[in-house]
Asker: 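One structure is given below, represented as C-alpha cells, and several questions about it will come after.
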Amino acid sequence: MPELPEVETTARGLQKRVAGDTIEFVWIGNKTNFLKSPAEEVVRTLTGATIECVRRVGKHLVIDLHTNETPAKSKRSHARKTGSAKTRTQKSVSANSTAVSVAAENSQAQWIIHLGMTGRVLVCDPADPPAKHTHLVAELASGRQLRFVDPRRFGRVQVAAGSAFQAPGSEPIGADRGEFATLFHRSKAPIKSALLNQKLLSGVGNIYADESLFRAGLRPRRRANSLTRAELQRLYNALQEVLAEAILAGGSSISDYVDSSGEAGYFQLQHRVYGREGEPCLACKTPTKRIVIAGRSSHYCPKCQK
DNA sequence: ACTATTTCCTGGATGC
DNA sequence: TGCATCCAGGAAATAG
C-alpha cells in the first residue's frame with residue numbers, strides 16, 4: 001500500500017525511465033470514476049505532451065509536462081473544477097504578471113496521480129499482456145507504455161494547467177521543527193488521526209503513523225494538543241527516521257530491481273508494531289495491542305507507549 | 001468550526 | 001468445495 005516512501009520510490013523510478021519521453025496516444029477504460037478531471041481533458045492534455053519530470057508531492061505522483069495546448073482552452077477547462085483547484089489556478093495566474101510568463105505557464109501542465117491503496121504505474125512493453133484493472137494507458141514515443149492499474153479504484157488521476165500543484169498540507173520530510181509542533185498544537189484529535197490528516201502533513205499513512213508513534217513512545221489515542229514539547233520533538237525525530245529509512249530501503253531496490261511488468265520492487269521497512277497484534281513488543285515483549293481510531297487499525301505497545 | 005463515522009472498491013482470508 | 005461475510009485503507013462525503 002503506497003505511502004510517502006513508496007510514492008517517492010515510484011517517482012524516482014519513473015523519472016529515471018520516462019523523463020524526456022513524449023506521450024503520443026492515450027487510452028482510457030470504461031470505468032472512469034478514478035478520473036478527477038474530465039476524460040477528454042485528460043486525453044487532450046496528455047496527448048503530445050513531453051514528460052519533463054516525475055516527482056512526489058505529498059502522497060501524489062506529479063508528472064510535469066510540456067504541452068502544445070493553447071492558453072485559452074486550458075484556462076476554460078480548468079475553471080470548471082472545484083474549490084481547491086480554483087485556488088491553485090488563481091495563485092498560478094496571479095503569480096505571473098507579464099504576458100510572456102503567462103504564455104510560458106500555459107505550455108506547462110501536470111499529470112497528477114494518487115495511487116490510493118492499490119494503484120500502480122507501470123512502464124510496459126506493448127506486448128506485455130495488460131493487467132486486470134488497467135484503466136489508463138499512455139503510449140510513448142519510445143515505443144513503451146505507461147499503464148495505470150488499480151483494482152480498487154481508490155487511486156485518482158487528474159490533469160492541471162501550469163506547474164503549481166500543491167499537496168493540501170506540509171511536506172513531512174525536512175519539515176521545520178517549529179512548524180511541525182504548531183501543526184499539532186491546535187488539534188484536539190488523537191495524535192494518530194492528526195498524523196493521518198493530510199491537511200496537516202501530506203504523506204503520512206497508517207503504517208508509518210503507527211511506526212512513528214511506537215518509536216516516539218506515544219499512544220495513538222493521546223490528544224495531539226496534550227503532547228509536550230519534548231514529546232513532539234520525539235515524534236518529529238521518529239517520523240523523519242521512519243520515512244528516511246523507508247525511502248532508503250525503496251531507493252536501494254529501485255536502481256537494480258524492476259519486475260517483468262516494469263514495476264519497481266518495494267522492499268518495505270521492517271514493521272515494529274504495524275500488523276503485529278498479539279505478538280510480543282520487540283522492546284519489552286508485552287503483547288502488541290490493536291485498537292481502531294477513526295476507522296483505522298492502530299497498533300501499539302501498551303507498556304512502551306504512554 | 002470541530003472531530004468522528006461512513007462510503008467508495010476489489011481481492012484475499014476466514015468461517016460454516 | 002463453495003458460498004457468504006469480513007477486512008484492508010486514502011480521502012471525500014456525511015454525520016454528529
Asker: Provide, to the nearest angstrom, the distance between the NZ atom belonging to K199(A) and the P atom belonging to dT3(B).
Answerer: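 Spelled out: NZ on K199(A) to P on dT3(B) is 10 Å.
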Asker: Picking from H299(A), R296(A), R215(A), what satisfies side chain to side chain donor-acceptor pair (under 3.5 Å) with D210(A)?
Answerer: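 In the set H299(A), R296(A), R215(A), the residue that makes a side chain to side chain donor-acceptor pair (under 3.5 Å) with D210(A) is H299(A).
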Asker: Taking for each residue the nucleotide of DNA chain C bearing the nearest heavy atom, is the 5' side occupied by Q198(A) or by S297(A)?
Answerer: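 Counting from the 5' end, the first nearest nucleotide belongs to S297(A).
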Asker: Taking 4.0 Å as the cut-off, does a side-chain nitrogen or oxygen of H133(A) come that near to OP1 or OP2 on dT10(B)?
Answerer: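 No, because none of the side-chain N or O atoms of H133(A) sits under 4.0 Å from OP1 or OP2 of dT10(B).
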Asker: Nearest heavy atom decides the nucleotide; on that basis, is R152(A) or S193(A) closer to the 5' end of DNA chain B?
Answerer: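 Here S193(A) is the residue nearer the 5' end.
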Asker: Just jot down the ring-ring contact (aromatic ring centres under 6.0 Å, His included) partners of Y236(A), sequence neighbours excluded, or say none.
Answerer: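 Applying ring-ring contact (aromatic ring centres under 6.0 Å, His included) to Y236(A) gives F180(A).
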Asker: For the OG1 atom of T50(A) and the CG atom of L140(A), what is their distance to the nearest 0.5 Å?
Answerer: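 Taking OG1 in T50(A) and CG in L140(A), the distance rounds to 10.5 Å.
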Asker: Which nucleotide in the set dA4(B), dG9(C), dA12(C) lies at the smallest distance from any side-chain heavy atom of R223(A)?
Answerer: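 For R223(A), the side-chain atoms sit closest to dA4(B).
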Asker: Take atom OH of Y274(A) and atom P of dA8(C), then tell me their distance rounded to the nearest Å.
Answerer: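 That distance rounds to 8 Å.
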Asker: Consider the side chain of K132(A), meaning its heavy atoms from C-beta on, and name the nucleotide among dG11(B), dT10(B), dT5(B) that approaches it most closely.
Answerer: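 For the K132(A) side chain, the nearest candidate turns out to be dG11(B).
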Asker: Using heavy atoms and a sub-4.0 Å distance, could you list which residues of residues 56-64 of chain A are near DNA chain B? By number, please.
Answerer: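 Residues of residues 56-64 of chain A that come under 4.0 Å of DNA chain B do not exist, since none gets that close.
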Asker: I need the R153(A) CZ to L35(A) CG distance, nearest 0.5 Å.
Answerer: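 Taking CZ in R153(A) and CG in L35(A), the distance rounds to 10.5 Å.
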Asker: Kindly compute the distance separating OG1 (T9(A)) from CZ (R56(A)), expressed to the nearest 0.5 Å.
Answerer: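 The CZ atom of R56(A) is 10.0 Å from OG1 of T9(A), to the nearest 0.5 Å.
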Asker: Need to verify one output field. Residue with the more 5' nearest nucleotide on DNA chain B, R296(A) or P151(A)?
Answerer: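 On the 5' side of the pair lies R296(A).
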Asker: Please determine whether a side-chain nitrogen or oxygen atom of N33(A) lies at a distance below 4.0 Å from atom OP1 or OP2 of dC9(B).
Answerer: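 Indeed, a polar side-chain atom of N33(A) lies that close.
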Asker: Between F154(A) and dA11(C), do the rings stack, that is, sit under 5.5 Å apart with planes less than 30° off each other?
Answerer: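 Not stacked: fails the 5.5 Å / 30° test.
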Asker: To the nearest Å, how far apart are L195(A) CG and dT3(B) P?
Answerer: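 L195(A) atom CG is separated from dT3(B) atom P by 14 Å.
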